[in-house]
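Computed from a predicted model, the values in this text were never measured in an experiment. All heavy atoms count here, side chains included; hydrogens, waters and symmetry mates do not. All chains are named by letter (A, B, ...) in the order of the sequence lines, taking the proteins before the strands, and each is independently numbered beginning at 1.
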Number of protein chains: 2
Amino acid sequence: MSKDTRLARVAHVLVHMSFNEGTATSETIAAMLDTNPVVVRRIMGALREGGYVSSERGPNGGWRLERPLREITFLNIYRAFDPGSPFTIATSDDHPKCVVERAANRALSLALSEAAARFEQSLSKITLDQLLPRKT
Amino acid sequence: MSKDTRLARVAHVLVHMSFNEGTATSETIAAMLDTNPVVVRRIMGALREGGYVSSERGPNGGWRLERPLREITFLNIYRAFDPGSPFTIATSDDHPKCVVERAANRALSLALSEAAARFEQSLSKITLDQLLPRKT
DNA sequence: CAATATCGTACTAGTAATAGTTACGATTAG
DNA sequence: CTAATCGTAACTATTACTAGTACGATATTG
């Protein structure tokens, strides 16, 4: 599978958007990310549902940042994408009735959920304003 | 990407192998996992390098468990597979010179490595003998 | 109302990892 | 020598993504 880079990319974009009041079009943002406007619409669309950005159609439309950077965390963004498991590792399903397989799956699931909880905890501490360049 | 189920599957197999002294052929193990002997050889081959199992060729050959279950942890198995990142999430690489992107990548990398450390810590506490059915 | 800018979205293509399969060679017991 | 078994290369299938194409919907402007 190719990796999911949406979180890092959109964090990057939102910080740049905060530099310019007004709206940025999908095309402009796509140029920033070396990609296609459709990719941008998909990513930004997910954030819109959480109220972090808004969009307007038609001429002079585009995307607008709706919250200050310090009020948006990596966890907010991560959850906006409605992600499945962030792991490439999963339990097995060969013999669902085998008590040994079930015990192995239970142990692995616990380790995965502990790691996922730690990941979300770390994400919750990162706000977008922390990404601003220091003004020495 | 399809998910990596090797850890759960091989843990299951090793526990069953402990029930029978002697060797188990790749074919026998493959039947247990509903798969093909070649898949088994690939998975078991990785464990052989860590000394957890050994293999013998020729008639009456097969795979033998070389360590007691309580001395094999999920972390031992996980590392035997020489895994890359266990995450589906990665940093972005669109504008490596942009200070904002770099800051976003740094923050995300830290969260990922904290979660990975937690995962390995959890795996290190699971020994295979914990998967044995309780004899009430 | 016409023209154009812009988002919305369904559909297809590309990608990267494990899983599965086939084929065949190497080794060893008897 | 024969048969059982592992070793491994090469190829295909599956899965779950991201990336890209095409076209429709909507809103502004004159």
Next on the checklist: Is there a side-chain contact between B:L14 and B:Y52 in this structure, where contact means two heavy atoms from C-beta onward sitting under 4.5 Å apart?
Outcome noted: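 Not touching, per the 4.5 Å side-chain cut-off.
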
By side chain to side chain contact (heavy atoms under 4.5 Å, CB included), which residues pair with [X], not counting sequence neighbours?
{"X": "A:R118", "value": "A:Q121, A:S122, B:E114, B:R118"}
{"X": "A:A116", "value": "A:F87"}
{"X": "B:S109", "value": "B:T91"}

Next on the checklist: Can you list, in residue-number order, the parts of residues 27-35 of chain A that come under 4.0 Å of DNA chain D, counting heavy atoms only?
Outcome noted: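 The stretch gives A:T35 as the residues lying under 4.0 Å from the strand, ordered by number.
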
Rounded distance (Å) that lies between atom [atom2] of [N] and atom [atom1] of [X]:
{"X": "B:I89", "N": "D:dT18", "atom1": "CD1", "atom2": "P", "result": "10 Å"}
{"X": "B:R6", "N": "C:dA17", "atom1": "CZ", "atom2": "P", "result": "11 Å"}
{"X": "A:W63", "N": "C:dC7", "atom1": "CH2", "atom2": "P", "result": "7 Å"}
{"X": "B:R64", "N": "D:dT5", "atom1": "CZ", "atom2": "P", "result": "14 Å"}
{"X": "A:K3", "N": "D:dA16", "atom1": "NZ", "atom2": "C1'", "result": "13 Å"}
{"X": "B:D94", "N": "D:dT18", "atom1": "CG", "atom2": "P", "result": "14 Å"}
{"X": "B:D4", "N": "D:dA16", "atom1": "CG", "atom2": "P", "result": "13 Å"}
{"X": "A:M44", "N": "D:dA19", "atom1": "CE", "atom2": "C1'", "result": "18 Å"}

Checklist entry - Distance check: side-chain N/O of A:T25 vs OP1/OP2 of C:dT6, anything under 4.0 Å? => result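 For C:dT6, OP1/OP2 do not have a side-chain N/O of A:T25 under 4.0 Å.
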
Next on the checklist: Taking only side-chain N and O atoms of B:S55, does any of them lie within less than 4.0 angstrom of OP1 or OP2 on D:dG7?
Outcome noted: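 Answer is yes, contact under 4.0 Å.
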
Checklist entry - Between the main-chain N or O of B:P86 and the side-chain N or O of A:T88, is there a donor-acceptor pair closer than 3.5 Å? => result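 A pair under 3.5 Å: yes.
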
Next on the checklist: For A:K125, is there any backbone N or O sitting under 3.5 Å from a side-chain donor or acceptor partner on A:Q130?
Outcome noted: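 Flag set: sc A:Q130 to bb A:K125 pair under 3.5 Å.
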
Name each donor-acceptor pair under 3.5 Å that joins a side chain in residues 31-46 of chain A to protein atoms two or more places apart or in another chain, with its distance.
residue : atom : partner : partner atom : Å
A:N36   : OD1  : A:V38   : N            : 2.9
A:R41   : NE   : A:S26   : OG           : 3.4

Next on the checklist: For residues B:V99 and A:L69: do they belong to one hydrophobic cluster (side chain heavy atoms under 4.5 Å, members Ile, Leu, Val, Met, Phe, Trp, Tyr)?
Outcome noted: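 Per the 4.5 Å side-chain linkage, B:V99 and A:L69 are co-clustered.
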
Would you list the protein and nucleotides 21-30 of chain D atom pairs, both N or O, that sit under 3.5 Å from each other?
residue : atom : partner : partner atom : Å
D:dT29  : OP1  : A:N60   : ND2          : 3.3

Next on the checklist: At 4.0 Å (heavy atoms only), tell me whether A:T5 reaches a base, stays on the sugar-phosphate, or touches nothing.
Outcome noted: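 Since no nucleic acid heavy atom lies under 4.0 Å of A:T5, the category is nothing.
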
Checklist entry - So what does A:G62 touch, heavy atoms closer than 4.0 Å: a base, only the sugar-phosphate, or nothing? => result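 Contact class for A:G62: sugar-phosphate only.
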
Next on the checklist: Give me the atom names and distance for the closest heavy-atom approach of A:V100 to B:P133.
Outcome noted: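 The answer is CG2-CD, 4.5 Å.
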
